[in-house]
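See below for the structure under consideration.
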There are 2 protein chains.
Amino acid sequence: MAANTRQKLLDAAESLFSQQGITTTPLRQITELAGANLAAVNYHFGSKLGLAREVLRRRLDELNSERLKRLDQLEAQDDKPATLDQLLEALIEPALIMSRDDALGGMRFVRLLARAYAENDRELHRFLREHYSHVMRRFARAMSQALPEMDAANLRWHLDFVIGALTYAMADFTGHFSHMNQIHIDAKTIAQHLVRFAAAGLSAADAAAAPSTPTGTARTLLGG
Amino acid sequence: MAANTRQKLLDAAESLFSQQGITTTPLRQITELAGANLAAVNYHFGSKLGLAREVLRRRLDELNSERLKRLDQLEAQDDKPATLDQLLEALIEPALIMSRDDALGGMRFVRLLARAYAENDRELHRFLREHYSHVMRRFARAMSQALPEMDAANLRWHLDFVIGALTYAMADFTGHFSHMNQIHIDAKTIAQHLVRFAAAGLSAADAAAAPSTPTGTARTLLGG
DNA sequence: GTCTATATGTAGATAGAC
DNA sequence: GTCTATCTACATATAGAC
C-alpha cells in the first residue's frame with residue numbers, strides 16, 4: 001500500500017506541522033502518528049523539506065484554484081465589473097471553508113500557512129512564493145479597478161494588511177488575542193466580518209489617495 | 001564586566017532570534033556574535049528560554065509603557081473623549097517607532113514578536129500573554145466608547161484583525177507580499193496608513209452591529 | 001564571572017535485509 | 001515498499017578549574 005502510507009504521512013504531517021510548526025516537529029512524531037516507519041519519509045519524499053513542500057502544495061493548489069475559479073466567474077460577467085466586496089469574498093472565503101467535513105479545517109490550514117511563513121527556511125519561502133504570488137497579482141489587478149485612486153504599490157501593501165488580518169487572526173497562535181475557537185463562530189461568518197472590515201479599510205485608503213478629495217470621505221465616519 | 005556580557009548576549013539574541021526564529025537559533029551562534037562563551041548564557045539567564053524571555057521582556061515593557069502613556073494622556077483630557085483614530089495611533093505608532101537610531105528597528109522587533117508567537121513553546125506563550133493582555137484590555141475598553149454598537153467579544157476579535165495586519169505586514173516574513181523594505185517608507189507613514197485602514201474597518205463593523213442601521217453606513221462607500 | 005571539556009539527548013538521514 | 005539498526009551531527013546544559 002504505497003499510496004496509503006504516502007497519504008497517511010501527508011495527513012499526519014499537516015496536522016502536526018499546523019500545531020507545532022515545521023522545524024519543531026520531529027519526523028519520528030509524524031511517522032508514529034501515521035503508523036509508518038521512519039525511513040518511509042525519505043523513501044516517499046526524499047527529505048523532511050520534501051514532505052513539508054508536498055503538504056503545502058496539496059492545499060495551496062486547492063485554495064488557489066478555488067480563488068481563481070471565483071475570480072474568473074466575477075470577471076466573466078463583464079457588463080458590470082466586480083465590486084470590491086465580491087473580490088474580497090473570492091479571496092477570503094476559500095481560505096476558511098476549504099474543508100468539507102471539518103468547519104475548523106480551513107483555520108488549521110491557515111495556521112499551517114502562517115507557521116510556514118514564520119519558518120526561516122529559504123527554500124520553503126521560494127516555494128511558497130512560486131505557488132502564491134501569481135494569485136495575489138491577479139487579485140491586485142482586479143481590485144485596482146474598484147480602487148481607482150490607489151497606485152500599484154499602495155494597493156499591494158494594503159493587501160498585506162488584509163492578508164495579515166486573515167492569517168494572523170485565524171491562526172490564533174496563542175489563543176489570547178483571538179477567542180474564535182471558544183465562541184465557535186463558523187468560518188463563513190468570520191469571512192463576512194473580515195470582508196466588511198477589509199472593504200472599508202481599502203475604500204478609505206482609496207479615498208485618501210484621491211488628490212482632490214474634500215476631507216476624506218471615510219474619515220468623517222469616525223468619532224471625530 | 002558582567003553587565004556588559006549580559007547586554008551583548010541580549011543584543012545578539014534579539015538580532016538572531018528576529019531573523020531566524022528562537023528555537024531554530026543555536027546558542028553557539030548567539031555567543032559567537034556576542035563574543036561571549038557558551039556557558040555564559042546559562043550563567044546569566046539560566047537557560048535558553050530564560051534568555052528569550054528577557055529579550056522579549058525588555059522590548060515589550062518599553063512598547064507597552066509607551067502605549068499606556070499615550071492612552072493615559074488621551075484619557076486625561078476627559079472633556080472630550082478620545083477618538084478612534086487617536087486610540088489606534090496610540091496602539092500602532094509605538095510599535096513602529098521604538099528604535100531611535102534605526103527606522104527599521106521597530107519592524108525588526110515586530111518580526112521577533114511574530115516569530116515568538118509562531119513558536120509552540122507554552123511557557124513562552126504564557127509569558128507573552130502576561131505582558132500583553134492587560135494592555136489590549138485597556139485599549140479595548142477605551143475603544144468601546146468610540147464604537148458603541150459593538151459588544152466586547154465582537155470588538156476583541158476585530159482588534160485581532162488590526163493586530164494581525166500590524167504584525168504580519170510589518171513582519172514581512174518573506175518579502176514577496178510586502179515591499180516595504182524595498183520602497184523604504186518610514187515607520188510613521190506606515191502607521192498612518194494602518195490607522196486609517198483599521199479605523200475605517202472598525203467603524204464599518206460598528207455600523208453593521210447597530211440594530212437599527214438603515215443599510216449600513218460604511219457599505220455605501222464601496223462600489224456596490 | 002569566565003572558561004574548557006564533556007555529559008546527555010535527539011535530530012535527520014541512510015545502508016541493507018526482507 | 002517497508003523494516004531494523006545505525007551513522008553522523010549538533011543541540012542544550014553542566015561540572016569544575018581558573
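Since the structure is predicted, the reported quantities are computational estimates derived from the model, not experimental observations. Numbered from 1 within each chain, the chains take letters A, B, ... in sequence-line order.
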Whole-Å distance, A/E32 CD to C/dG12 P, equals 14 Å
Could you give the CD-to-P distance, from A/Q7 to D/dG1, as a whole number of Å? 13 Å
Tell me which nucleotide among D/dA13, C/dA13, D/dA15 gets nearest to the side chain of B/K48. D/dA13
Under 4.0 Å, heavy atoms only, any strand: does A/A40 hit a base, just the sugar-phosphate, or nothing? nothing
Can you measure A/Y43 atom OH to D/dT2 atom P for me and round it to whole angstrom units? 7 Å
Would you call A/R6-A/E54 a salt bridge at under 4.0 Å N-O? yes
Expressed as a whole number of angstroms, how long is the span from B/L27:CG to C/dT2:P? 16 Å
Counting only side-chain nitrogens and oxygens, does B/T5 get under 4.0 Å of the OP1 or OP2 atom of C/dT2? yes
For A/N37 and D/dG1, is the shortest distance between a side-chain N/O and OP1 or OP2 below 4.0 Å? no
In whole angstroms, the gap separating C1' of C/dG9 from CZ of A/R28 amounts to 11 Å
Touch check for A/T25, heavy atoms < 4.0 angstrom, all strands: base, sugar-phosphate only, or nothing? sugar-phosphate
Ignoring backbone atoms, establish whether A/N42 has a side-chain N or O less than 4.0 Å from OP1 or OP2 of C/dG12. no
Decide, yes or no, whether a salt bridge links A/R57 with A/D61 under the criterion of side-chain N to carboxylate O below 4.0 Å. yes
Mind calculating the distance between CG (B/L38) and P (C/dA7) to the nearest angstrom? 16 Å
N-O pairing of A/D72 and A/R138 below 4.0 Å: yes
Is the shortest distance from a Lys or Arg side-chain nitrogen in B/D11 or B/R58 to a carboxylate oxygen in the other one below 4.0 Å? yes
In whole angstrom, give the distance that lies between atom NZ of A/K8 and atom C1' of D/dG1. 14 Å
Measure from CD on B/Q20 to P on D/dA11 and round the result to the nearest Å. 11 Å
So does A/E89 pair up with A/R70, basic N to acidic O under 4.0 Å? no
